[in-house]
Amino acid sequence: MSEHGSDPTVAPRSGDDPRLLLPPDEPVHLLDPDGTEHPDADHPLDLRDEQLRELYRLMVVTRKVDREAINLQRQGQLGVYASCMGQEAAQVGSAYALEDDDWIFPSYRELGAALVREVDAAGLLHLYRGTWLSDHDPYAHNFGLMSIPIGTQALHATGFGMGARFDDNPIVAMTYFGDGGTSEGDPHEAMTFAGVQKAPVIFFVQNNQYAISVPLDKQTAAPTLAHKAIGYGMPGYRVDGNDVLATYAVTKRAVERARAGEGPAFIEALTYRMEAHTTSDDPTRYRTKDELDEAAKTDPIARMKNLLLARGLYDDDLEREIDEQAQSVATYVRDGIYDADHGDPMELFEHVYVDPSGHFDEQAAQLRAELDGSEGGA
Amino acid sequence: MSEHGSDPTVAPRSGDDPRLLLPPDEPVHLLDPDGTEHPDADHPLDLRDEQLRELYRLMVVTRKVDREAINLQRQGQLGVYASCMGQEAAQVGSAYALEDDDWIFPSYRELGAALVREVDAAGLLHLYRGTWLSDHDPYAHNFGLMSIPIGTQALHATGFGMGARFDDNPIVAMTYFGDGGTSEGDPHEAMTFAGVQKAPVIFFVQNNQYAISVPLDKQTAAPTLAHKAIGYGMPGYRVDGNDVLATYAVTKRAVERARAGEGPAFIEALTYRMEAHTTSDDPTRYRTKDELDEAAKTDPIARMKNLLLARGLYDDDLEREIDEQAQSVATYVRDGIYDADHGDPMELFEHVYVDPSGHFDEQAAQLRAELDGSEGGA
Amino acid sequence: MAVTLAQAINQALKDAMEANDRVLMFGEDVGKLGGVFRVTDGLQDRFGEQRCFDTPLAESGIVGTAIGLAMYGYRPIAEMQFDGFTYPAFEQIVSHLAKMPNRSRGTVKLPVTIRIPYGGGIGAVEHHSESPESYWAHTAGLKVMTPGTPEDGYAMMRAAIDSDDPVIFLEPKRRYWMKSDAQLPVETEPTHRSVVRREGTDVSLFCYGPMVRTAMEAADAAADEGWSLEVVDLRSLAPLDTQGIVASVERTGRAIVVHEAASTLGMGAEIAARIQERAFYHLEAPVLRATGFDTPYPPAKLEEYWLPNVDRILDLVERSLAY
Amino acid sequence: MAVTLAQAINQALKDAMEANDRVLMFGEDVGKLGGVFRVTDGLQDRFGEQRCFDTPLAESGIVGTAIGLAMYGYRPIAEMQFDGFTYPAFEQIVSHLAKMPNRSRGTVKLPVTIRIPYGGGIGAVEHHSESPESYWAHTAGLKVMTPGTPEDGYAMMRAAIDSDDPVIFLEPKRRYWMKSDAQLPVETEPTHRSVVRREGTDVSLFCYGPMVRTAMEAADAAADEGWSLEVVDLRSLAPLDTQGIVASVERTGRAIVVHEAASTLGMGAEIAARIQERAFYHLEAPVLRATGFDTPYPPAKLEEYWLPNVDRILDLVERSLAY
Ligand SMILES: Cc1ncc(C[n+]2csc(CCOP(=O)(O)OP(=O)(O)O)c2C)c(N)n1
Ligand SMILES: Cc1ncc(C[n+]2csc(CCOP(=O)(O)OP(=O)(O)O)c2C)c(N)n1
Ligand SMILES: [Mg+2]
Ligand SMILES: [Mg+2]
């Protein structure tokens with residue numbers, strides 16, 4: 001090779017070996033299904049005993065509420081519901097790694113992350129009930145609106161993270177999307193912007209192996225999803241998504257890095273969607289019972305319980321306490337949803353504009369008249 | 001690490017080391033500015049003497065026609081023009097690596113590639129004249145319409161390549177886009193589809209360092225553009241784009257690989273846009289004369305001439321012959337464009353639908369009447 | 001044997017793929033799953049993974065590769081999973097699918113059919129109930145069709161696939177389960193013609209897609225009031241059958257347009273504009289519009305208040321007759 | 001001292017950024033280059049790279065990050081380089097920018113301004129001359145404004161930035177060099193009100209953006225024929241000033257809408273529909289439309305035949321008066 005000097009056709013490389021941005025050969029894994037721990041010097045655990053119990057508790061409550069939501073749908077109380085069963089460790093571990101001031105920009109499946117942030121779960125489910133299009137205040141818990149158009153929320157997280165950086169505000173924005181979501185243009189653009197702006201954004205992908213019926217190998221030919229990160233100049237991490245210790249530890253590291261001004265990161269959490277895509281879906285058309293049985297062996301909750309048992313942190317009292325709490329949240333949700341009021345149709349005109357400038361006067365009058373008419377008729 | 005068995009959360013890796021998809025540390029470079037050759041066992045040159053002369057000739061003609069187009073614009077004959085000056089080696093070398101049956105899906109800057117395919121250059125420039133929105137038959141030379149919306153053509157190439165694969169038709173589709181284009185969602189989606197479908201598509205990026213005024217480091221934080229390829233499971237190549245031997249050799253290898261059914265590839269050719277973005281642009285606002293002078297030293301044409309001289313393939317006869325040919329193509333273009341007819345306004349209604357089903361009867365009658373009226377008035 | 005709209009479209013896809021091996025069907029979940037509405041059910045089994053396949057989750061990619069496949073020589077049918085998820089493909093549809101044939105001076109033909117289940121009334125979450133037809137009908141270069149009956153579901157889908165022009169094929173999802181005892185294959189009117197589904201003398205109701213049935217119900221209810229409504233199913237939204245529309249208004253002197261899409265710049269705007277331009281002296285009352293409101297599509301529990309229904313139509317009939 | 005429309009907008013951006021340090025300006029080439037039309041000239045120098053910056057080449061990214069920045073608390077102004085390049089951002093605009101405030105039940109406000117140079121008449125290549133206003137005006141949740149004078153360029157831009165609602169701000173690029181001797185800063189009518197630019201008695205001309213000047217020229221030319229035209233500059237396309245429109249028609253009894261966008265489902269359709277709905281008995285002639293044709297925007301050498309001009313308007317005036 002000749003010496004190119006300042007030849008612009010041979011762009012300079014940054015000092016660090018870019019290969020450092022590639023994911024490790026094996027996903028980070030700190031906990032076996034039987035509860036055996038695998039300490040990892042790169043991912044030291046800073047969790048106290050109560051926190052380990054807390055992670056477990058959050059996963060159990062998540063599953064309980066998730067199950068309740070499925071029941072509510074079966075009883076006609078929700079129009080549809082997208083279960084996160086099997087993905088509790090991915091969501092709880094990652095969300096738990098954030099500080100309260102940090103923000104989350106979720107998709108439609110992040111019940112677990114929402115519960116970590118103490119978002120009102122009944123409010124959240126109103127989206128699926130159709131009471132309103134969302135029903136929680138994102139600013140109360142720094143938890144964005146659930147986003148249905150795939151991958152679009154990644155850009156909102158990126159803009160938010162840019163804003164924080166502009167303000168020297170040491171917060172981090174984390175966005176969740178799925179394996180399928182990595183194919184859309186928006187996450188691509190989001191990672192491009194975040195990379196250039198060194199924005200404190202964590203792109204957390206729950207690779208649950210399917211986008212509705214489409215398996216990962218029809219979604220991408222990438223060696224792993226985490227191999228996408230290098231194309232944006234950010235590190236790509238890979239983690240056993242059913243291992244709550246690992247998802248916590250890997251996220252924590254990425255979050256601290258981002259908070260320190262070192263820019264965004266991409267995390268691929270390998271997990272499995274144990275339920276149908278949504279309650280409207282029929283997964284028997286595209287996956288086998290064997291596959292499901294196999295996946296069930298890696299259950300994130302059982303695994304964490306084994307750890308607690310092994311560490312002597314689990315006993316009947318804890319079990320009872322957690323069960324009661326899970327039941328009470330589930331009941332709260334059930335009460336909040338069951339036969340909940342449909343709301344006032346006139347609200348349709350209320351939030352479209354801050355300043356409607358009279359825009360809706362006629363249409364609102366029309367609806368008012370229709371409502372009066374049908375009341376009159378009734 | 002524990003043994004995971006068939007744990008779905010630890011997806012199997014393909015046999016080959018994915019790092020093989022990363023670009024080499026240095027771009028492939030076979031020819032110094034002074035004409036010194038650097039043979040490379042991975043990129044053996046299969047070019048005969050006439051072919052070396054041909055590559056040179058094509059670059060010279062390209063530059064001449066390009067210059068003519070700029071003149072035509074200055075004389076008010078073209079509305080605008082996007083010069084490819086400085087990028088001749090990237091375009092000519094890559095297009096020359098294709099077979100006649102292969103297809104090209106260009107952006108708006110690919111005069112050099114068009115001339116390799118013997119597309120009528122005057123026809124091509126009618127786009128910039130505004131005579132019609134394009135004016136060459138893509139099927140006559142397997143050269144798609146120039147595409148102005150950035151990156152969109154990458155999907156057309158991908159669909160085309162998929163079609164060829166479905167048909168077991170051993171052709172390859174190559175698409176050109178720019179460094180800026182890599183930020184758009186469409187090339188991302190195109191590479192995703194091409195990877196999954198193992199479609200015979202070459203994504204050829206001319207990294208000319210700028211997207212209008214925006215330099216590469218504001219476009220992406222990727223170590224290099226070629227590092228994006230691994231995220232789609234395709235190899236990312238990097239080549240000195242001002243070295244026509246290297247762009248030829250690298251493209252040739254990627255094309256043969258694709259033709260053999262091994263799937264798509266991404267090529268980043270490092271080059272420099274010597275002219276303004278278009279004739280409407282004022283590059284003095286965003287780049288220095290020094291930078292330009294520096295870039296001029298890597299001129300692709302001078303370099304190839306030095307090679308021909310060194311190999312004893314260049315003499316006055318050749319120079320004269322090539323100059324004459326370049327002049328004759330330029331004159332042809334000039335004659336084809338200068339004061340060319342504006343065409344018949346009624347054509348506006350002709351190609352919108354194959355079967356307009358009477359849709360335009362009224363509006364066509366209106367325009368006809370307006371035309372008659374203004375003729376009458378004149 | 002009764003056939004639903006979804007089955008009729010499914011049969012049309014099958015028959016078209018049988019008739020011409022250049023016809024491809026692809027999109028998200030159209031393969032093994034057979035589509036979220038099962039409209040592509042059985043196609044992958046019958047025609048293999050190459051002719052009916054699942055794509056990555058990327059709508060611009062779906063439409064963009066459809067264009068490339070069409071340039072290559074295929075006749076692609078691409079499914080957008082729901083109305084609200086066509087927007088990522090907007091640039092490919094508007095800047096290329098609609099314009100490339102014209103741009104190429106006719107050398108490039110794009111016989112692409114984009115299937116879009118559309119409209120509300122199924123209690124779905126946000127983005128799953130939109131009526132984006134104005135976006136397409138305003139865009140020169142596209143044909144926009146929407147069947148209101150199972151018969152048209154079959155015949156218009158065959159015509160769309162056979163068309164050398166790009167077609168946006170809007171499937172009224174809340175009518176997928178609407179039944180008919182049509183014998184397939186069936187032929188119907190040319191796709192660019194509207195059809196009078198019920199003759200009447202007092203007011204013309206112009207409708208399409210999901211609202212055809214609603215308009216028919218309104219006409220039934222109106223008959224009880226002694227009003228005779230003519231129901232015109234537009235079928236093609238681009239081009240619009242101006243002649244058929246005007247002819248009906250010339251008969252009745254009054255017109256109401258019914259659609260789910262928001263009122264402002266909905267099809268009703270264009271139809272009203274055309275009617276008053278061409279039948280000014282025939283109009284005894286202004287053309288009125290029974291439509292969705294100018295607000296985002298509402299949550300499921302409120303959609304019944306937002307969507308036009310028999311009552312909203314009859315209110316307008318009364319208003320029209322009062323002129 | 002004369003000020004052009006481009007300078008007036010530039011000054012509005014400067015003053016707004018001066019007045020409120022939460023205002024950001026970003027897009028492709030808006031920094032060092034000052035935008036391809038120099039509308040953002042000097043902003044980066046004055047306010048630094050953080051408040052006026054170049055983005056990667058990705059329009060969905062630009063709008064999507066603008067939404068995130070607004071959620072964070074900024075007031076972003078995002079530039080789309082040309083009309084025809086807004087389409088990649090369609091999903092972010094239609095599914096989020098327009099709908100998120102409503103979706104959030106009012107808790108999320110999105111004070112985002114999307115600046116779009118639009119329209120034809122500058123001899124540009126394809127995609128650089130489009131008039132996409134119908135797409136936005138049909139989409140509930142967006143405000144759509146377009147200035148027809150340098151004064152409004154300044155005052156409406158300030159209002160757009162101050163608005164807590166998302167605004168699509170359409171800049172008539174062929175009028176960027178139009179001059180006025182306005183003293184900036186200047187205040188004009190509230191943005192949602194139309195303005196009568198010239199009073200008249202025979203026919204109302206409704207216009208906006210680039211066509212305001214054309215309509216004024218048509219009114220001049222009509223005066224020579226003895227026709228008195230009233231020119232109404234709509235200024236806001238969403239919401240539309242229905243009251244102002246109807247009031248003018250009540251005065252003149254005749255109306256013509258002028259715009260560059262294609263006729264079908266252009267603003268003319270909605271305006272015609274509203275006028276005949278609300279001023280049925282005042283109309284002495286149908287509302288007519290002087291617009292672009294229902295074809296893709298033409299090549300530069302043919303655009304003069306496609307675009308509405310004084311002659312096309314006068315033809316329609318004559319037709320209207322013949323009723
Ligand atoms: C833009 C867009 N296209 C299509 C859909 C329909 N859709 C809803 S969920 C889904 C699959 C998503 O898969 P993935 O990203 O892996 O997330 P997961 O559901 O597995 O959590 C699809 C196609 C959508 N919501 N948005
Ligand atoms: C979708 C879209 N957005 C914006 C533009 C305006 N534009 C034309 S060329 C250009 C820069 C392109 O840069 P690059 O991809 O590097 O290609 P180059 O011009 O350097 O060849 C821009 C922003 C466009 N044509 N299309
Ligand atoms: Mg998934
Ligand atoms: Mg470039």
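A, B, ... follow the sequence lines: proteins, then strands. Residue 1 opens every chain.
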Student: As a quick check of understanding, evaluate side-chain hydrogen bond (donor to acceptor under 3.5 Å, both in side chains) for D:Q44 and D:D54, giving each step before the final call.
Tutor: CA-CA 10 Å; D:Q44 186 172 79; D:D54 290 328; 5.1 Å; no

Student: Would you call D:R75 and D:D21 a salt bridge, using N to O less than 4.0 angstrom?
Tutor: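 Looking at D:D21 together with D:R75, the answer is no, because their closest N to O distance does not fall below 4.0 Å.
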
Student: Name the region of D:E59, side chain, backbone, both or neither, that has any atom closer than 4.5 Å to a heavy atom of chain A.
Tutor: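 Only the backbone of D:E59 comes within 4.5 Å of chain A.
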
Student: For chain D, find which of A:N169, A:D167, A:L145, A:I148 contributes the most heavy-atom pairs closer than 4.5 angstrom.
Tutor: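 If we count pairs closer than 4.5 Å to chain D, A:D167 comes out on top.
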
Student: Name the member of A:S357, A:G144, A:G161, A:S147 that forms the most heavy-atom pairs with chain D at distances under 4.5 Å.
Tutor: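 Most pairs with chain D among the choices: A:S357.
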
Student: Output, in order, the C-alpha distance, side-chain angles, deciding distance and verdict of side-chain hydrogen bond (donor to acceptor under 3.5 Å, both in side chains) for A:Q153 and A:Y176.
Tutor: CA-CA 8 Å; A:Q153 68 277 13; A:Y176 291 96; over 6 Å; no

Student: Which residues from residues 184-203 of chain A are near chain D, with near meaning under 4.5 Å between non-hydrogen atoms?
Tutor: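 A:D186, A:E189, A:T192, A:F193, A:V196, A:Q197 fall under the 4.5 Å cut-off.
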
Student: So which residue, A:E350, A:R165, A:H359, A:H136, ends up with the most heavy-atom pairs under 4.5 Å with chain D?
Tutor: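 Top count of heavy-atom pairs under 4.5 Å with chain D: A:H359.
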
Student: So which part of D:K99 gets closer than 4.5 Å to some heavy atom of chain A, the side chain, the backbone, both or neither?
Tutor: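 For D:K99, no heavy atom lies under 4.5 Å from chain A.
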
Student: Angle between ring planes, A:H277 versus A:Y108, binned at 30° and 60°: parallel, tilted or perpendicular?
Tutor: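 Ring orientation, 0 to 90° scale: perpendicular.
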
Student: Quick one: of D:L110, D:T65, D:L57, D:T107, who has the most non-hydrogen atom pairs under 4.5 Å with chain A?
Tutor: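 Winner by heavy-atom pair count: D:T65.
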
Student: With D:R22 as the cation and D:Y74 as the aromatic partner, state whether NZ or CZ is under 6.0 Å from the six-membered ring centre and within 45° of the axis.
Tutor: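 Verdict for D:Y74: a cation-pi partner in D:R22.
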
Student: Identify whether the distance between the nearest side-chain nitrogen and carboxylate oxygen of A:E362 and D:R278 falls below 4.0 Å.
Tutor: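 Judged by the 4.0 Å cut-off on N to carboxylate O distance, A:E362 and D:R278 do form a salt bridge.
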
Student: D:S95 versus chain A, heavy atoms under 4.5 Å apart: side chain, backbone, both or neither?
Tutor: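 Only the side chain of D:S95 comes within 4.5 Å of chain A.
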
Student: Start with the C-alpha distance between D:F169 and D:W136, add both sets of side-chain angles, then the distance that settles ring pair (Phe, Tyr, Trp, His ring centres under 6.0 Å), and finish with yes or no.
Tutor: CA-CA 10 Å; D:F169 195 87; D:W136 318 128; over 10 Å; no

Student: Out of D:L142, D:L240, D:V108, return the one with the most heavy atom pairs under 4.5 angstrom to chain A.
Tutor: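 Going by pairs under 4.5 Å, I would pick D:L142.
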
Student: Please flag which part of D:Q92 lies under 4.5 Å from any non-hydrogen atom of chain A: side chain, backbone, both or neither.
Tutor: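 Only the side chain of D:Q92 comes within 4.5 Å of chain A.
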
Student: Report the C-alpha distance between A:H351 and A:W132 in whole Å, list the side-chain angles of each, state the deciding distance to 0.1 Å, and finish with yes or no for ring pair (Phe, Tyr, Trp, His ring centres under 6.0 Å).
Tutor: CA-CA 11 Å; A:H351 315 295; A:W132 195 259; 5.5 Å; yes

Student: Is the closest side-chain donor-acceptor distance between D:E187 and D:Y154 under 3.5 Å?
Tutor: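 Looking only at side-chain atoms, D:Y154 and D:E187 do not form any donor-acceptor pair under 3.5 Å.
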
Student: Apply salt bridge (Lys or Arg N to Asp or Glu O under 4.0 Å) to residues D:K14 and D:E18 and explain how you reach the verdict.
Tutor: CA-CA 6 Å; D:K14 266 192 200 123; D:E18 202 74 70; over 6 Å; no

Student: When heavy-atom pairs shorter than 4.5 Å are enumerated against chain A, which of D:T242, D:I62, D:L24 gives the highest number?
Tutor: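 So the answer, after comparing D:T242, D:I62, D:L24, is D:I62.
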
Student: Are D:K143 and D:D165 close enough for a salt bridge, meaning some N to O gap below 4.0 Å?
Tutor: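 Salt bridge flag = yes for D:D165 with D:K143.
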
Student: Quick one: which of A:P138, A:G163, A:P149, A:A157 has the most heavy-atom pairs under 4.5 Å with chain D, could you say?
Tutor: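 Looking at each of A:P138, A:G163, A:P149, A:A157 in turn, A:G163 comes out on top.
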
Student: Return the option, out of D:R103, D:H192, D:R105, D:Q243, with the maximum number of heavy-atom pairs under 4.5 Å with chain A.
Tutor: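 Of the options given, most contacts go to D:R105.
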
Student: Give every residue pair that meets the salt bridge (charged side-chain N to carboxylate O under 4.0 Å, His left out) criterion with at least one member in residues 83-94 of chain D, sequence neighbours excluded.
Tutor: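 Those involving residues 83-94 of chain D are D:D83-D:K173.
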
